[in-house]
Protein chains: 2
Amino acid sequence: MGRRSDHTREQLRALLIAEGHKLLAEQGLGKFSGREVAKRAGYTVGTIYNVFGSLDRLVAAINSHTFLLWADFLRERLAAGGDDRIKSLVEGYFDFALAHPNLWSAIYDHRLVDADELSETDYSQRAALTAIVEDEVRAVLTDPTMPGADRFARSLIATVHGHCSYVVSGTFALLEEPDPVGSALARVRECLAAQK
Amino acid sequence: MGRRSDHTREQLRALLIAEGHKLLAEQGLGKFSGREVAKRAGYTVGTIYNVFGSLDRLVAAINSHTFLLWADFLRERLAAGGDDRIKSLVEGYFDFALAHPNLWSAIYDHRLVDADELSETDYSQRAALTAIVEDEVRAVLTDPTMPGADRFARSLIATVHGHCSYVVSGTFALLEEPDPVGSALARVRECLAAQK
DNA sequence: TTTTCTAATTGAGCAATGTTCAGTTTTACG
DNA sequence: CGTAAAACTGAACATTGCTCAATTAGAAAA
(Lines give C-alpha, C1' and ligand atoms only; values in the text may rest on other atoms or scores of the structure.)
Protein backbone atom coordinates (compact mmCIF):
# COMPACT_ATOMS: atom_id res chain seq x y z
CA MET A 1 0.00 0.00 0.00
CA GLY A 2 1.35 3.29 -1.07
CA ARG A 3 4.96 3.49 -2.03
CA ARG A 4 6.93 0.53 -0.75
CA SER A 5 10.44 0.91 0.40
CA ASP A 6 10.88 -2.84 -0.05
CA HIS A 7 12.16 -2.35 -3.57
CA THR A 8 13.71 0.35 -5.66
CA ARG A 9 12.32 0.88 -9.12
CA GLU A 10 15.05 -1.28 -10.59
CA GLN A 11 14.58 -4.03 -8.04
CA LEU A 12 10.86 -4.03 -8.68
CA ARG A 13 11.48 -4.26 -12.41
CA ALA A 14 13.82 -7.18 -11.88
CA LEU A 15 11.40 -8.83 -9.46
CA LEU A 16 8.48 -8.65 -11.87
CA ILE A 17 10.62 -9.98 -14.69
CA ALA A 18 11.85 -12.82 -12.48
CA GLU A 19 8.38 -13.80 -11.31
CA GLY A 20 7.00 -13.39 -14.80
CA HIS A 21 9.79 -15.56 -16.11
CA LYS A 22 8.87 -18.34 -13.68
CA LEU A 23 5.19 -18.11 -14.52
CA LEU A 24 5.89 -18.11 -18.24
CA ALA A 25 8.13 -21.16 -17.89
CA GLU A 26 5.43 -22.99 -15.94
CA GLN A 27 2.31 -22.05 -17.86
CA GLY A 28 3.34 -20.85 -21.28
CA LEU A 29 2.31 -17.64 -23.01
CA GLY A 30 -1.27 -18.83 -23.41
CA LYS A 31 -1.97 -18.94 -19.70
CA PHE A 32 0.31 -16.09 -18.77
CA SER A 33 -1.49 -13.55 -16.61
CA GLY A 34 -0.40 -10.11 -15.48
CA ARG A 35 -2.51 -10.34 -12.37
CA GLU A 36 -0.82 -13.58 -11.40
CA VAL A 37 2.67 -12.13 -11.91
CA ALA A 38 1.80 -9.14 -9.75
CA LYS A 39 0.33 -11.36 -7.06
CA ARG A 40 3.43 -13.55 -6.92
CA ALA A 41 5.60 -10.47 -6.59
CA GLY A 42 3.40 -9.22 -3.76
CA TYR A 43 1.90 -6.37 -5.74
CA THR A 44 -1.29 -5.78 -7.72
CA VAL A 45 -2.13 -5.39 -11.40
CA GLY A 46 -1.72 -1.66 -11.59
CA THR A 47 1.93 -1.83 -10.63
CA ILE A 48 2.80 -3.67 -13.83
CA TYR A 49 1.35 -0.84 -15.86
CA ASN A 50 3.23 1.61 -13.67
CA VAL A 51 6.54 -0.06 -14.28
CA PHE A 52 6.23 -1.42 -17.80
CA GLY A 53 3.46 0.64 -19.37
CA SER A 54 1.81 -2.45 -20.84
CA LEU A 55 1.72 -6.20 -20.43
CA ASP A 56 3.33 -6.57 -23.83
CA ARG A 57 6.39 -4.71 -22.68
CA LEU A 58 6.68 -6.93 -19.61
CA VAL A 59 6.57 -10.00 -21.84
CA ALA A 60 9.15 -8.40 -24.14
CA ALA A 61 11.41 -7.83 -21.14
CA ILE A 62 10.92 -11.42 -19.98
CA ASN A 63 11.79 -12.68 -23.45
CA SER A 64 14.88 -10.52 -23.58
CA HIS A 65 15.91 -12.06 -20.29
CA THR A 66 15.45 -15.50 -21.81
CA PHE A 67 17.85 -14.45 -24.56
CA LEU A 68 20.45 -13.64 -21.91
CA LEU A 69 20.09 -17.09 -20.33
CA TRP A 70 20.20 -18.69 -23.73
CA ALA A 71 23.40 -16.89 -24.68
CA ASP A 72 25.01 -17.91 -21.37
CA PHE A 73 23.92 -21.46 -22.02
CA LEU A 74 25.57 -21.46 -25.45
CA ARG A 75 28.77 -19.97 -24.08
CA GLU A 76 28.95 -22.71 -21.46
CA ARG A 77 28.34 -25.36 -24.09
CA LEU A 78 31.12 -23.91 -26.23
CA ALA A 79 33.48 -23.90 -23.27
CA ALA A 80 32.59 -27.42 -22.16
CA GLY A 81 32.26 -28.90 -25.64
CA GLY A 82 35.05 -30.33 -27.75
CA ASP A 83 36.67 -29.05 -30.92
CA ASP A 84 33.50 -29.24 -32.98
CA ARG A 85 32.17 -25.87 -31.92
CA ILE A 86 29.53 -25.72 -34.65
CA LYS A 87 28.11 -28.94 -33.30
CA SER A 88 28.10 -27.48 -29.80
CA LEU A 89 26.15 -24.49 -31.05
CA VAL A 90 23.54 -26.47 -32.95
CA GLU A 91 23.00 -28.90 -30.11
CA GLY A 92 22.99 -26.06 -27.61
CA TYR A 93 20.29 -24.29 -29.61
CA PHE A 94 18.05 -27.35 -29.47
CA ASP A 95 18.86 -28.29 -25.90
CA PHE A 96 17.92 -24.89 -24.57
CA ALA A 97 14.66 -24.86 -26.50
CA LEU A 98 13.76 -28.35 -25.34
CA ALA A 99 14.72 -27.64 -21.74
CA HIS A 100 12.52 -24.54 -21.66
CA PRO A 101 9.90 -25.00 -24.36
CA ASN A 102 7.48 -22.43 -22.92
CA LEU A 103 10.15 -19.76 -22.60
CA TRP A 104 11.52 -20.52 -26.03
CA SER A 105 8.12 -20.56 -27.72
CA ALA A 106 7.13 -17.31 -26.05
CA ILE A 107 10.01 -15.55 -27.80
CA TYR A 108 8.56 -16.34 -31.19
CA ASP A 109 4.87 -16.45 -30.33
CA HIS A 110 4.85 -13.01 -28.83
CA ARG A 111 4.03 -10.58 -31.61
CA LEU A 112 4.97 -7.01 -30.95
CA VAL A 113 2.44 -4.52 -32.21
CA ASP A 114 5.14 -1.98 -32.96
CA ALA A 115 8.87 -2.38 -33.26
CA ASP A 116 9.16 0.34 -30.65
CA GLU A 117 7.77 -2.05 -28.09
CA LEU A 118 11.37 -3.15 -27.85
CA SER A 119 13.66 -0.96 -25.79
CA GLU A 120 17.33 -0.39 -26.45
CA THR A 121 18.10 -2.88 -23.69
CA ASP A 122 15.90 -5.48 -25.36
CA TYR A 123 17.79 -5.05 -28.61
CA SER A 124 21.22 -5.53 -27.11
CA GLN A 125 20.16 -8.50 -24.99
CA ARG A 126 18.83 -10.19 -28.09
CA ALA A 127 21.80 -9.35 -30.28
CA ALA A 128 24.20 -11.21 -27.97
CA LEU A 129 23.06 -14.59 -29.19
CA THR A 130 23.49 -13.71 -32.83
CA ALA A 131 26.95 -12.33 -32.13
CA ILE A 132 28.13 -15.60 -30.58
CA VAL A 133 27.13 -17.54 -33.66
CA GLU A 134 28.61 -14.98 -36.05
CA ASP A 135 31.98 -15.30 -34.34
CA GLU A 136 32.00 -19.07 -34.51
CA VAL A 137 30.88 -19.17 -38.13
CA ARG A 138 33.56 -16.69 -39.13
CA ALA A 139 36.18 -18.78 -37.32
CA VAL A 140 35.25 -21.79 -39.40
CA LEU A 141 35.23 -20.05 -42.78
CA THR A 142 38.38 -20.39 -44.85
CA ASP A 143 38.09 -16.68 -45.57
CA PRO A 144 36.89 -15.00 -42.35
CA THR A 145 36.72 -11.67 -44.18
CA MET A 146 34.27 -13.14 -46.67
CA PRO A 147 31.76 -10.46 -47.61
CA GLY A 148 28.36 -11.12 -46.06
CA ALA A 149 29.75 -13.53 -43.48
CA ASP A 150 27.38 -12.06 -40.90
CA ARG A 151 24.37 -12.47 -43.18
CA PHE A 152 25.46 -16.02 -43.89
CA ALA A 153 25.75 -16.74 -40.18
CA ARG A 154 22.24 -15.46 -39.52
CA SER A 155 20.96 -17.56 -42.38
CA LEU A 156 22.45 -20.59 -40.65
CA ILE A 157 20.72 -19.56 -37.43
CA ALA A 158 17.45 -19.40 -39.35
CA THR A 159 18.17 -22.87 -40.71
CA VAL A 160 18.65 -24.36 -37.26
CA HIS A 161 15.73 -22.33 -35.96
CA GLY A 162 13.42 -23.86 -38.53
CA HIS A 163 14.33 -27.38 -37.50
CA CYS A 164 14.02 -26.53 -33.82
CA SER A 165 10.71 -24.82 -34.38
CA TYR A 166 9.33 -27.98 -35.99
CA VAL A 167 10.47 -30.04 -33.02
CA VAL A 168 8.97 -27.79 -30.37
CA SER A 169 5.70 -27.32 -32.25
CA GLY A 170 5.36 -31.06 -32.80
CA THR A 171 5.49 -30.91 -36.59
CA PHE A 172 8.53 -33.14 -36.82
CA ALA A 173 6.99 -35.58 -34.34
CA LEU A 174 4.05 -35.81 -36.72
CA LEU A 175 6.39 -36.50 -39.60
CA GLU A 176 8.24 -39.08 -37.54
CA GLU A 177 11.60 -37.42 -37.97
CA PRO A 178 13.96 -39.48 -35.77
CA ASP A 179 16.89 -37.08 -35.59
CA PRO A 180 16.03 -33.41 -36.14
CA VAL A 181 19.23 -32.19 -34.49
CA GLY A 182 21.29 -34.39 -36.79
CA SER A 183 19.38 -33.08 -39.81
CA ALA A 184 19.92 -29.47 -38.80
CA LEU A 185 23.61 -30.07 -38.24
CA ALA A 186 23.92 -31.84 -41.58
CA ARG A 187 22.36 -28.85 -43.39
CA VAL A 188 24.62 -26.41 -41.59
CA ARG A 189 27.69 -28.46 -42.51
CA GLU A 190 26.64 -28.63 -46.15
CA CYS A 191 26.19 -24.87 -46.30
CA LEU A 192 29.49 -24.22 -44.56
CA ALA A 193 31.30 -26.58 -46.93
CA ALA A 194 29.81 -24.73 -49.88
CA GLN A 195 31.52 -21.51 -48.82
CA LYS A 196 35.00 -22.96 -49.16
CA MET B 1 -33.64 -20.86 -32.75
CA GLY B 2 -34.08 -24.54 -32.46
CA ARG B 3 -32.86 -26.67 -35.31
CA ARG B 4 -32.28 -24.59 -38.39
CA SER B 5 -32.89 -26.05 -41.77
CA ASP B 6 -30.65 -23.33 -43.20
CA HIS B 7 -27.64 -25.59 -42.98
CA THR B 8 -26.87 -29.23 -42.70
CA ARG B 9 -24.26 -30.27 -40.19
CA GLU B 10 -21.58 -30.28 -42.86
CA GLN B 11 -22.61 -26.92 -44.25
CA LEU B 12 -22.57 -25.46 -40.77
CA ARG B 13 -19.12 -26.88 -40.20
CA ALA B 14 -17.88 -25.37 -43.44
CA LEU B 15 -19.57 -22.07 -42.67
CA LEU B 16 -17.95 -21.75 -39.27
CA ILE B 17 -14.56 -22.64 -40.70
CA ALA B 18 -15.03 -20.09 -43.49
CA GLU B 19 -16.08 -17.28 -41.16
CA GLY B 20 -13.40 -18.24 -38.67
CA HIS B 21 -10.86 -18.20 -41.47
CA LYS B 22 -11.85 -14.66 -42.41
CA LEU B 23 -11.73 -13.46 -38.83
CA LEU B 24 -8.36 -15.11 -38.24
CA ALA B 25 -6.96 -13.51 -41.38
CA GLU B 26 -8.20 -10.10 -40.27
CA GLN B 27 -7.39 -10.11 -36.59
CA GLY B 28 -4.79 -12.79 -35.97
CA LEU B 29 -4.89 -15.55 -33.39
CA GLY B 30 -4.48 -13.13 -30.51
CA LYS B 31 -7.77 -11.38 -31.13
CA PHE B 32 -9.59 -14.42 -32.43
CA SER B 33 -12.91 -14.91 -30.68
CA GLY B 34 -15.33 -17.79 -30.80
CA ARG B 35 -18.25 -15.54 -30.02
CA GLU B 36 -17.36 -13.32 -32.96
CA VAL B 37 -17.10 -16.27 -35.35
CA ALA B 38 -20.50 -17.53 -34.25
CA LYS B 39 -22.04 -14.08 -34.59
CA ARG B 40 -20.73 -13.66 -38.14
CA ALA B 41 -22.12 -17.05 -39.06
CA GLY B 42 -25.50 -16.05 -37.63
CA TYR B 43 -25.28 -18.39 -34.65
CA THR B 44 -24.22 -18.12 -31.02
CA VAL B 45 -21.32 -19.40 -28.94
CA GLY B 46 -22.83 -22.68 -27.94
CA THR B 47 -23.10 -23.86 -31.52
CA ILE B 48 -19.33 -23.90 -31.90
CA TYR B 49 -19.06 -26.27 -28.97
CA ASN B 50 -21.82 -28.36 -30.46
CA VAL B 51 -20.07 -28.72 -33.78
CA PHE B 52 -16.39 -28.72 -32.84
CA GLY B 53 -16.34 -29.68 -29.17
CA SER B 54 -13.86 -26.96 -28.34
CA LEU B 55 -12.50 -23.71 -29.73
CA ASP B 56 -9.11 -25.37 -30.16
CA ARG B 57 -10.55 -27.86 -32.59
CA LEU B 58 -12.19 -25.09 -34.60
CA VAL B 59 -8.84 -23.32 -34.85
CA ALA B 60 -7.20 -26.61 -35.82
CA ALA B 61 -9.78 -27.05 -38.58
CA ILE B 62 -9.22 -23.49 -39.78
CA ASN B 63 -5.47 -24.06 -39.87
CA SER B 64 -5.91 -27.28 -41.79
CA HIS B 65 -7.96 -25.33 -44.30
CA THR B 66 -5.11 -22.85 -44.59
CA PHE B 67 -2.84 -25.77 -45.47
CA LEU B 68 -5.17 -26.66 -48.33
CA LEU B 69 -5.05 -23.13 -49.72
CA TRP B 70 -1.30 -23.06 -49.28
CA ALA B 71 -0.85 -26.33 -51.17
CA ASP B 72 -3.06 -25.06 -53.99
CA PHE B 73 -1.04 -21.88 -54.08
CA LEU B 74 2.21 -23.82 -54.43
CA ARG B 75 0.78 -26.02 -57.16
CA GLU B 76 -0.26 -22.94 -59.13
CA ARG B 77 3.17 -21.42 -58.68
CA LEU B 78 4.77 -24.60 -59.92
CA ALA B 79 2.50 -24.65 -62.95
CA ALA B 80 2.99 -20.98 -63.75
CA GLY B 81 6.67 -20.83 -62.87
CA GLY B 82 9.56 -21.66 -65.14
CA ASP B 83 11.99 -24.55 -65.12
CA ASP B 84 13.46 -23.68 -61.74
CA ARG B 85 10.83 -25.48 -59.72
CA ILE B 86 12.79 -25.35 -56.48
CA LYS B 87 12.86 -21.59 -56.78
CA SER B 88 9.12 -21.56 -57.38
CA LEU B 89 8.60 -23.58 -54.21
CA VAL B 90 10.81 -21.42 -52.00
CA GLU B 91 9.34 -18.18 -53.29
CA GLY B 92 5.86 -19.63 -53.08
CA TYR B 93 6.44 -20.56 -49.45
CA PHE B 94 7.39 -17.00 -48.59
CA ASP B 95 4.78 -15.34 -50.77
CA PHE B 96 1.95 -17.23 -49.18
CA ALA B 97 3.17 -16.46 -45.67
CA LEU B 98 3.62 -12.77 -46.47
CA ALA B 99 0.26 -12.54 -48.23
CA HIS B 100 -1.53 -14.06 -45.22
CA PRO B 101 0.71 -13.44 -42.22
CA ASN B 102 -2.06 -13.95 -39.65
CA LEU B 103 -3.20 -17.23 -41.17
CA TRP B 104 0.37 -18.44 -41.55
CA SER B 105 1.38 -17.47 -38.03
CA ALA B 106 -1.71 -19.09 -36.56
CA ILE B 107 -0.57 -22.45 -37.90
CA TYR B 108 2.57 -22.35 -35.83
CA ASP B 109 1.35 -20.29 -32.87
CA HIS B 110 -1.56 -22.57 -32.16
CA ARG B 111 -0.33 -25.15 -29.69
CA LEU B 112 -2.42 -28.27 -29.48
CA VAL B 113 -2.82 -29.60 -25.99
CA ASP B 114 -2.94 -33.17 -27.23
CA ALA B 115 -1.97 -34.64 -30.55
CA ASP B 116 -5.47 -36.09 -30.70
CA GLU B 117 -6.83 -32.59 -31.12
CA LEU B 118 -6.01 -33.26 -34.77
CA SER B 119 -8.51 -35.35 -36.67
CA GLU B 120 -7.65 -37.73 -39.49
CA THR B 121 -8.85 -35.07 -41.93
CA ASP B 122 -6.51 -32.53 -40.36
CA TYR B 123 -3.57 -34.86 -40.83
CA SER B 124 -4.19 -35.51 -44.49
CA GLN B 125 -4.85 -31.85 -45.28
CA ARG B 126 -1.54 -30.94 -43.70
CA ALA B 127 0.43 -33.75 -45.32
CA ALA B 128 -0.41 -32.51 -48.84
CA LEU B 129 2.03 -29.63 -48.63
CA THR B 130 4.90 -31.83 -47.52
CA ALA B 131 4.15 -34.27 -50.31
CA ILE B 132 4.43 -31.59 -52.98
CA VAL B 133 7.89 -30.61 -51.82
CA GLU B 134 9.04 -34.22 -51.45
CA ASP B 135 8.13 -34.90 -55.08
CA GLU B 136 9.99 -31.86 -56.37
CA VAL B 137 13.08 -32.55 -54.27
CA ARG B 138 13.20 -36.14 -55.43
CA ALA B 139 12.90 -34.98 -59.05
CA VAL B 140 15.97 -32.82 -58.61
CA LEU B 141 18.16 -35.41 -56.92
CA THR B 142 20.59 -37.29 -59.16
CA ASP B 143 19.50 -40.44 -57.37
CA PRO B 144 15.76 -40.17 -56.76
CA THR B 145 15.83 -43.44 -54.86
CA MET B 146 18.35 -42.00 -52.41
CA PRO B 147 17.61 -43.40 -48.96
CA GLY B 148 16.09 -40.78 -46.71
CA ALA B 149 15.09 -38.53 -49.58
CA ASP B 150 11.84 -37.76 -47.81
CA ARG B 151 13.60 -36.85 -44.57
CA PHE B 152 15.97 -34.68 -46.54
CA ALA B 153 13.08 -32.92 -48.24
CA ARG B 154 11.43 -32.16 -44.90
CA SER B 155 14.71 -30.86 -43.61
CA LEU B 156 14.77 -28.44 -46.52
CA ILE B 157 11.24 -27.37 -45.67
CA ALA B 158 12.41 -26.69 -42.13
CA THR B 159 15.26 -24.65 -43.54
CA VAL B 160 12.96 -22.44 -45.58
CA HIS B 161 10.51 -22.33 -42.72
CA GLY B 162 13.14 -20.93 -40.39
CA HIS B 163 13.95 -18.09 -42.76
CA CYS B 164 10.28 -17.37 -43.37
CA SER B 165 9.54 -17.47 -39.66
CA TYR B 166 12.20 -14.82 -39.04
CA VAL B 167 10.69 -12.61 -41.72
CA VAL B 168 7.12 -12.83 -40.44
CA SER B 169 8.11 -12.40 -36.79
CA GLY B 170 10.24 -9.38 -37.63
CA THR B 171 13.52 -10.92 -36.48
CA PHE B 172 15.17 -10.52 -39.88
CA ALA B 173 13.89 -6.95 -40.16
CA LEU B 174 15.66 -6.28 -36.88
CA LEU B 175 18.84 -7.78 -38.28
CA GLU B 176 18.44 -5.76 -41.46
CA GLU B 177 18.53 -8.78 -43.72
CA PRO B 178 17.85 -7.40 -47.20
CA ASP B 179 17.02 -10.64 -49.02
CA PRO B 180 15.72 -13.44 -46.80
CA VAL B 181 14.17 -15.32 -49.72
CA GLY B 182 17.46 -15.26 -51.57
CA SER B 183 19.26 -16.53 -48.47
CA ALA B 184 16.81 -19.36 -48.01
CA LEU B 185 17.09 -20.35 -51.65
CA ALA B 186 20.88 -20.22 -51.47
CA ARG B 187 20.92 -22.58 -48.47
CA VAL B 188 18.54 -24.97 -50.18
CA ARG B 189 20.70 -25.02 -53.31
CA GLU B 190 23.84 -25.67 -51.29
CA CYS B 191 22.20 -28.60 -49.53
CA LEU B 192 20.82 -30.01 -52.76
CA ALA B 193 24.22 -29.72 -54.42
CA ALA B 194 25.81 -31.59 -51.53
CA GLN B 195 23.62 -34.65 -52.25
CA LYS B 196 25.08 -35.17 -55.71
C1' DT C 1 -53.73 -34.44 -38.22
C1' DT C 2 -52.10 -34.35 -33.79
C1' DT C 3 -48.93 -35.85 -30.47
C1' DT C 4 -44.54 -37.28 -29.03
C1' DC C 5 -39.72 -37.48 -29.14
C1' DT C 6 -35.13 -35.95 -30.23
C1' DA C 7 -31.58 -33.16 -31.43
C1' DA C 8 -30.12 -28.33 -32.45
C1' DT C 9 -29.74 -23.83 -30.68
C1' DT C 10 -29.85 -20.32 -27.37
C1' DG C 11 -28.13 -17.21 -23.95
C1' DA C 12 -27.53 -16.41 -19.04
C1' DG C 13 -23.98 -17.53 -15.77
C1' DC C 14 -19.16 -18.23 -14.16
C1' DA C 15 -14.44 -17.32 -13.54
C1' DA C 16 -10.84 -15.07 -15.57
C1' DT C 17 -8.48 -11.71 -18.53
C1' DG C 18 -6.20 -6.79 -20.01
C1' DT C 19 -6.57 -2.07 -19.20
C1' DT C 20 -7.78 2.31 -16.95
C1' DC C 21 -7.96 5.53 -13.31
C1' DA C 22 -9.77 7.89 -9.12
C1' DG C 23 -8.44 7.47 -4.78
C1' DT C 24 -5.24 6.33 -1.00
C1' DT C 25 -0.76 6.03 1.16
C1' DT C 26 4.11 6.77 1.56
C1' DT C 27 8.10 9.12 0.98
C1' DA C 28 11.14 13.10 -0.18
C1' DC C 29 11.81 17.80 -0.01
C1' DG C 30 11.30 22.58 1.34
C1' DC D 1 6.26 20.06 10.14
C1' DG D 2 3.63 20.44 5.95
C1' DT D 3 3.20 19.91 1.26
C1' DA D 4 3.76 18.02 -3.22
C1' DA D 5 5.01 14.24 -5.99
C1' DA D 6 5.33 9.62 -6.79
C1' DA D 7 3.91 4.72 -5.90
C1' DC D 8 0.41 1.65 -5.23
C1' DT D 9 -4.26 -0.15 -4.85
C1' DG D 10 -8.39 -2.23 -6.33
C1' DA D 11 -12.97 -1.38 -8.17
C1' DA D 12 -14.84 -0.90 -12.73
C1' DC D 13 -15.54 -2.20 -17.63
C1' DA D 14 -15.57 -4.80 -21.62
C1' DT D 15 -14.42 -9.16 -23.24
C1' DT D 16 -13.06 -13.91 -23.25
C1' DG D 17 -13.73 -19.45 -23.11
C1' DC D 18 -16.74 -22.70 -21.56
C1' DT D 19 -21.00 -25.04 -19.47
C1' DC D 20 -25.61 -26.22 -19.24
C1' DA D 21 -30.68 -25.68 -18.25
C1' DA D 22 -34.23 -24.16 -21.01
C1' DT D 23 -36.34 -23.57 -25.40
C1' DT D 24 -37.61 -24.69 -29.99
C1' DA D 25 -37.85 -26.86 -34.76
C1' DG D 26 -38.43 -30.74 -37.31
C1' DA D 27 -39.01 -35.89 -37.77
C1' DA D 28 -41.38 -39.86 -36.41
C1' DA D 29 -45.28 -42.12 -34.46
C1' DA D 30 -50.03 -42.35 -33.37
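Residue numbers start from 1 in every chain, and the chains themselves are labelled A, B, ... in the order their sequence lines are given, proteins ahead of strands. Just so you know, these numbers use all the heavy atoms, side chains as well, and skip hydrogens, waters and symmetry mates.
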When you measure from the side chain of R154(A) to the backbone of L175(B), do you find a donor-acceptor pair of N or O atoms at a distance under 3.5 Å?
yes
Separation of dT19(D) atom C1' from F52(B) atom CZ, nearest Å, is 19 Å
Q195(B) CD to T142(B) OG1 distance, which is reported to the nearest 0.5 Å
8.5 Å
Separation of D56(B) atom CG from dT16(D) atom C1', in whole Å?
14 Å
Length of the line joining K31(B):NZ and dT19(C):P, which is rounded to integer Å
10 Å
With rounding to the nearest 0.5 angstrom, report the CG to CZ distance, D56(A) to R111(A).
12.0 Å
Can you tell me how far the CH2 atom of W70(A) sits from the CG atom of D95(A), to the nearest 0.5 Å?
11.5 Å
Among dT19(C), dT16(D), dT9(C), which nucleotide has an atom closest to any side-chain atom of R35(B)?
dT16(D)
Hey, does R9(A) reach any base, or is it just sugar-phosphate, or nothing, if we go heavy atoms under 4.0 Å?
sugar-phosphate
Take atom CD of E36(A) and atom C1' of dA15(C), then tell me their distance rounded to the nearest Å.
14 Å
Let's see if you can work this out: which of dT9(D), dT9(C), dG17(D) has an atom nearest to the side-chain heavy atoms of L55(B)?
dG17(D)
Let me know the distance between CG of N50(A) and C1' of dT24(C), rounded to the nearest Å.
14 Å
When we call it a touch if two heavy atoms are under 4.0 Å apart, what does S33(B) touch: a base, just sugar-phosphate, or nothing?
sugar-phosphate
Which residue lies toward the 5' end of DNA chain C, V45(B) or G34(A), if each is placed at its nearest nucleotide?
V45(B)
R57(A) CZ to dT19(C) P: how many Å, rounded?
11 Å
Looking at every strand, decide which applies to I48(A) at a 4.0 Å heavy-atom threshold: base, sugar-phosphate, or nothing.
nothing
Contact class for G46(A) vs. all strands (heavy atom < 4.0 Å): base, sugar-phosphate, or nothing?
base
Relative to the ring of Y166(A), is the ring of Y108(B) parallel (under 30°), tilted (30 to 60°) or perpendicular (over 60°)?
parallel
To the nearest angstrom, the OH-P distance between Y49(A) and dG10(D) comes to 17 Å
Given atom CZ of F32(B) and atom C1' of dG18(C), what is their separation to the nearest angstrom?
20 Å
Is T47(A) near enough to dT9(D) that one of its side-chain N or O atoms lies under 4.0 angstrom from OP1 or OP2?
yes
